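Numbered from 1 within each chain, the chains take letters A, B, ... in sequence-line order. Keep in mind it's a predicted model, so treat the numbers as computed, not measured.
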There are 2 protein chains.
Amino acid sequence: MIPKPTDAELEILQVLWKSGSATVREVNEALNKQQGDDSIGYTTTLKFMQIMADKGLLTRDESQRSHIYSASVRENDVQSAFVSKMLNSVFRGSAMQLVVQALGTSKPTNAELKQIRALLDEEIKNNQ
Amino acid sequence: MIPKPTDAELEILQVLWKSGSATVREVNEALNKQQGDDSIGYTTTLKFMQIMADKGLLTRDESQRSHIYSASVRENDVQSAFVSKMLNSVFRGSAMQLVVQALGTSKPTNAELKQIRALLDEEIKNNQ
DNA sequence: ACAATATTACGAAACTATTCGTAGAATGTT
DNA sequence: AACATTCTACGAATAGTTTCGTAATATTGT
């Protein structure tokens, strides 16, 4: 069972999903680059990554002094877990309502909308 | 600004969105009806609803001894807030990815899929 | 009127999430 | 070798979430 990542953990996972693997320092710098307002201390990032390794969210290679971390959960699985939780807790299980909100909240371009429609058409075809 | 409800608060909001308004006892019984395994104490529910009233998530009518509560935030607004947060924290801003996951996680019926497609078509038309 | 019951208010315990300081070990510099 | 820097490990402070016990007050039943 995948432990549900917290907000801070998600930010670290984002970095590692993008880069594949990284040291604590690299992750810390990536986090501070995007959010320049209040910077995150090095040991804060370290602590999180240690906790996440304990939880099984990350694995690490300790053969070098600077441990090298990588995500041990797939982005897709985490996304799926969050979606199903939110479906129950916020949308009463209605995927349609979730889709409506997703389309309303972020204004997708026509190209994206058509991409989604193509996906729907395929889904409908497969269902028949 | 809407304070983001916690998990426990969301469950209470669900009940009130459905019923319109209710007493603490009614909400507590509704919560315990759906989740029969480990029941929630009456004072637990009471405490939450008091906190939520303080935060501005609920309003209450105190003219009777049993106070009558109702939601002071709209379901739609809360859904929208959760979607935009999740878009950033889990989907890197890609609404399309969120839609894909939503369709993959819950298996919608063909009727629902067609409903979504109709919605898309309208959206596309309006965008042009 | 008295006892039983229901309701609110208050406070606090237990747990989780977030943040960082300090110590000690390993590595690099002069 | 001595010093400075970098890294991990550990512990702890703070804040937020969840849960309930107890006390005080109001209502109901006998």
**Student:** If each of B:A8 and B:T43 is mapped to the nucleotide of DNA chain D with the nearest heavy atom, which maps nearer the 5' terminus, i.e. the 5' end?
**Tutor:** B:A8
**Student:** Got B:V73 and B:L58 here, is their nearest side-chain heavy-atom distance under 4.5 Å?
**Tutor:** no
**Student:** Under a 4.0 Å N-O cut-off, is there an ion pair linking B:E62 with B:R60?
**Tutor:** yes
**Student:** Output the distance between atom CG (A:D7) and atom CG (B:N88), rounded to the nearest 0.5 Å.
**Tutor:** 11.0 Å
**Student:** Without decimals, in angstroms, what is the distance between B:D54 CG and C:dA9 C1'?
**Tutor:** 11 Å
**Student:** I want to verify a distance call: between C:dT19, C:dT8, C:dC10, whose nearest atom is closest to the A:K47 side chain?
**Tutor:** C:dT19
**Student:** Can a side-chain donor-acceptor contact be found between A:Q101 and B:N76 if the only test is distance below 3.5 angstrom?
**Tutor:** yes
**Student:** Mind calculating the distance between CG (A:L46) and P (C:dA23) to the nearest angstrom?
**Tutor:** 17 Å
**Student:** Any side-chain N or O of B:Q50 below 4.0 angstrom from OP1/OP2 of C:dT8?
**Tutor:** no
**Student:** Nearest whole Å is fine: how far is C:dT7 P from B:D61 CG?
**Tutor:** 15 Å
**Student:** State whether B:E112 and B:K107 are salt-bridged, where the test is any N-O pair (Lys NZ or Arg NE/NH1/NH2 against Asp/Glu carboxylate O) under 4.0 Å.
**Tutor:** no
**Student:** For the pair B:K4 and B:E9, find out whether any cationic side-chain nitrogen is under 4.0 Å from an anionic carboxylate oxygen.
**Tutor:** no
**Student:** Look at all strands and tell whether A:S66 reaches a base, only sugar-phosphate, or nothing, counting heavy atoms closer than 4.0 Å.
**Tutor:** sugar-phosphate
**Student:** Please identify the 5'-most and 3'-most nucleotides of DNA chain D with any atom under 4.0 angstrom from a heavy atom of chain B.
**Tutor:** D:dT17 to D:dT27
**Student:** Output the single nucleotide from C:dT8, C:dA9, C:dT7 whose closest atom is nearest the side chain of B:R60.
**Tutor:** C:dA9
**Student:** To the nearest angstrom, how far is B:Q64 atom CD from C:dA6 atom C1'?
**Tutor:** 15 Å
**Student:** Decide yes or no, distance alone: a donor-acceptor N/O pair under 3.5 angstrom between the base of C:dA6 and the side-chain of B:R65.
**Tutor:** yes
**Student:** Which part of the nucleic acid, if any, lies within reach of A:T6 when heavy atoms closer than 4.0 Å are counted: base, sugar-phosphate only, or nothing?
**Tutor:** sugar-phosphate
**Student:** Check this one for me: any side-chain N or O of B:Y42 less than 4.0 Å away from OP1 or OP2 of C:dT8?
**Tutor:** yes
**Student:** Do the side chains of A:R92 and B:E75 get close enough for a salt bridge, i.e. N-O under 4.0 angstrom?
**Tutor:** yes
**Student:** Rounded to whole Å, how long is the line connecting atom CG of A:L31 with atom C1' of C:dT19?
**Tutor:** 14 Å
**Student:** Expressed as a whole number of angstroms, how long is the span from A:E62:CD to C:dA25:P?
**Tutor:** 17 Å
**Student:** Write down the distance between CZ (B:F48) and C1' (C:dT8), rounded to a whole number of angstrom.
**Tutor:** 17 Å
**Student:** Counting side-chain heavy atoms from C-beta on, which of C:dT19, C:dA9, C:dT22 comes nearest to B:H67?
**Tutor:** C:dA9
**Student:** Which whole-number value in Å describes the distance from A:I51 CD1 to C:dT16 P?
**Tutor:** 12 Å
